[in-house]
Amino acid sequence: MPYHEQHLQSLKDKGLFCGDAFIGGRWISKDKKFDVYEPSSGSVLGKVSDCSLDDFKQAIRSAEEAQRSFYQSTTGTARGALLRKWNDLILENADDLAVILSLENGKTFGEAKGEVIYAASFISWFAEEATRAYGATIPSSTPHTTLMTIREPVGVCGIITPWNFPAAMITRKVGPALAAGCSVVIKPPSETPYSTIALTKLAVRAGLPPSIIEVCPTKDRQAATELATNPLVKKLSFTGSTGVGKMLANLATGTLKKVSLELGGNAPFIVFDDANLDLAVESAMFCKFRCTGQTCVCANRLYVQKGVAKAFTERLVEAVQALKMGPGLDSATTQGPLVNKSAVEKVKEHVEDAFSKGAKIEIGGQPSRSTGFFYDPTVLSEVTPNMIVSREETFGPLAPIFQFETEAEVLQLANDSEFGLAGYFFSQDIARAMRLAQKLECGMVGVNTGKISAAEAPFGGIKESGYGKEGSLYGLAEYQNIKSITIGNQDTGS
Ligand code: SIN
């Protein structure tokens, strides 16, 4: 029996693996379908309904009709309770969700289950935040006048998410949208739509009213344009490439929608001579090789100060040597495949370019295994700024090591990028920690850690990595409008 069928058989709730669209509160199997692939073999995992532009228009209308009564008939507390139920169902079904996620994305079962728990944490976080949509009272400059603000949901939200976190990127957007009282129309990634559909099944079981959540899988690129231009959509939240993000932001200006963009990164990971080297290597392994290097926040450029460059490189190579590549659901696997063939090609291009310009391959450096989308985890040394890896996000298991001498030099190198999502550095010097954390041009900084993502931490970038914050105490506001109410002439009542 093929690998994926064997694991699909093991699902406790087989109904969670489903390729239907969810429009107007009904599960719909379209005649037209597209293939979804299992990345460790490259074979077809299943066929998913391919929604048309008319389906999107219908989903948007239905979400618009349902949203107002959803907001008006529920309190923040009630929406919080609903989200809490959804969170509980996600956690109860975590093993099944992790199997589905691993099969479509390729990440290991451990990582997939970690992602499911991470995904649930956004739902439980925003279950709490739903009750905290505070307004303000503001002392008015006009006598006998009360000035106050309330927060209202923006309305229908278009949600477009990537394949690298098929569950968490959905909940990080849908959680706050529902908490605020919005409805959502989701275009899941065509590489990994099954996790979105499974999560939606659980949302429906949790009691989410029909039409508040709409899921339209599709291969049609015009669908994103529809979400960005349809006047009934009041907010667009997109995670993906900077190129597509810019295009969608341009399109959204036509109706002046609110927009949040979480786009590409090119994170510097800096190791100073005074760093705890064990911690720096362990963190580099997590930060670089999590999800086989396919995260926007992963270390893309490793800058190591001259005094520890040799020791750091040796230890990193040793740790990479211990990685076991294979299908995500094999228990021995610690590094899964890449998502598809073009992801493998991109890593190959970056390695070949660096090698041709003088970089040294310390380990890896080639695509591996005869089937599926694998590339050997790779460490390059003697990397220089004229190589593609210094400018472009690789989105794969490639750790390029640059050497530097001074803090000023590395700061200049680190900030020399149009991206500004995440940055990391390792040093025991508290003054340097404070100095550099402020001077790094990025939205998120990790000091002596490679783990910066959590439901309570504001997630988002600056420069061409986008705008808007997800998660945290700021995430809810992205789905709300502030309305000011002025009650004047309070002295004239009879
Ligand atoms: C991403 O980098 O795409 C998201 C990763 C995260 O939330 O940690």
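Each ligand, and each atom within it, is numbered from 1 in the order the structure gives.
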Side chain, backbone, both or neither: which applies to [X] and ligand 1 if a contact is any heavy-atom pair less than 4.0 Å apart?
{"X": "Cys296", "value": "both"}
{"X": "Ile452", "value": "neither"}
{"X": "Gln294", "value": "neither"}

Original post:
Are Trp163 and Phe395 an aromatic pair by the rule of ring centers under 6.0 Å?
Top reply: yes

Subject >> Exceeds 12 heavy-atom contacts within 6.0 angstrom, atom NZ of Lys85 >> reply: no

**OP:** Name the orientation class of the two ring planes belonging to Tyr303 and Phe402 (parallel below 30°, tilted from 30 to 60°, perpendicular beyond 60°).
**Re:** tilted

List ligand 1 atoms under 4.0 Å from [X], heavy atoms only on the residue side.
{"X": "Phe459", "answer": "4 (C), 6 (C), 7 (O)"}
{"X": "Phe165", "answer": "1 (C), 3 (O), 4 (C), 5 (C)"}
{"X": "Arg290", "answer": "5 (C), 6 (C), 8 (O)"}
{"X": "Met169", "answer": "4 (C), 7 (O)"}
{"X": "Thr295", "answer": "2 (O)"}

Original post:
For Val44, does its backbone N or O pair with a side-chain atom of Asp35 as donor and acceptor, under 3.5 Å?
Top reply: no

Original post:
Is there a donor-acceptor pair closer than 3.5 Å between any side-chain N or O of Thr378 and the backbone N or O of Asp376?
Top reply: yes

Original post:
Would you say Ile186 and Glu214 make side-chain contact, with heavy atoms under 4.5 Å?
Top reply: no

**OP:** Would you mind reporting whether Phe419 and Thr242 have side-chain heavy atoms less than 4.5 Å apart?
**Re:** yes

Original post:
What protein heavy atom is closest to atom 7 (O) of ligand 1, reported as residue, atom name and distance in Å?
Top reply: Tyr118 OH, 2.7 Å

Original post:
Any idea which protein heavy atom is nearest atom 8 (O) of ligand 1, and the distance to it?
Top reply: Ser453 OG, 2.5 Å

Original post:
Hey, does Arg172 come in under 3.5 Å of ligand 1, counting only N/O atoms on both sides?
Top reply: yes

**OP:** Ignoring angles and geometry beyond distance, decide whether Val297 reaches within less than 3.5 Å of ligand 1 through its nitrogen or oxygen atoms.
**Re:** yes

**OP:** Begin from the C-alpha positions of Phe426 and Phe269 and carry the test ring-ring contact (aromatic ring centres under 6.0 Å, His included) through to its verdict.
**Re:** CA-CA 8 Å; Phe426 290 74; Phe269 184 102; 4.9 Å; yes

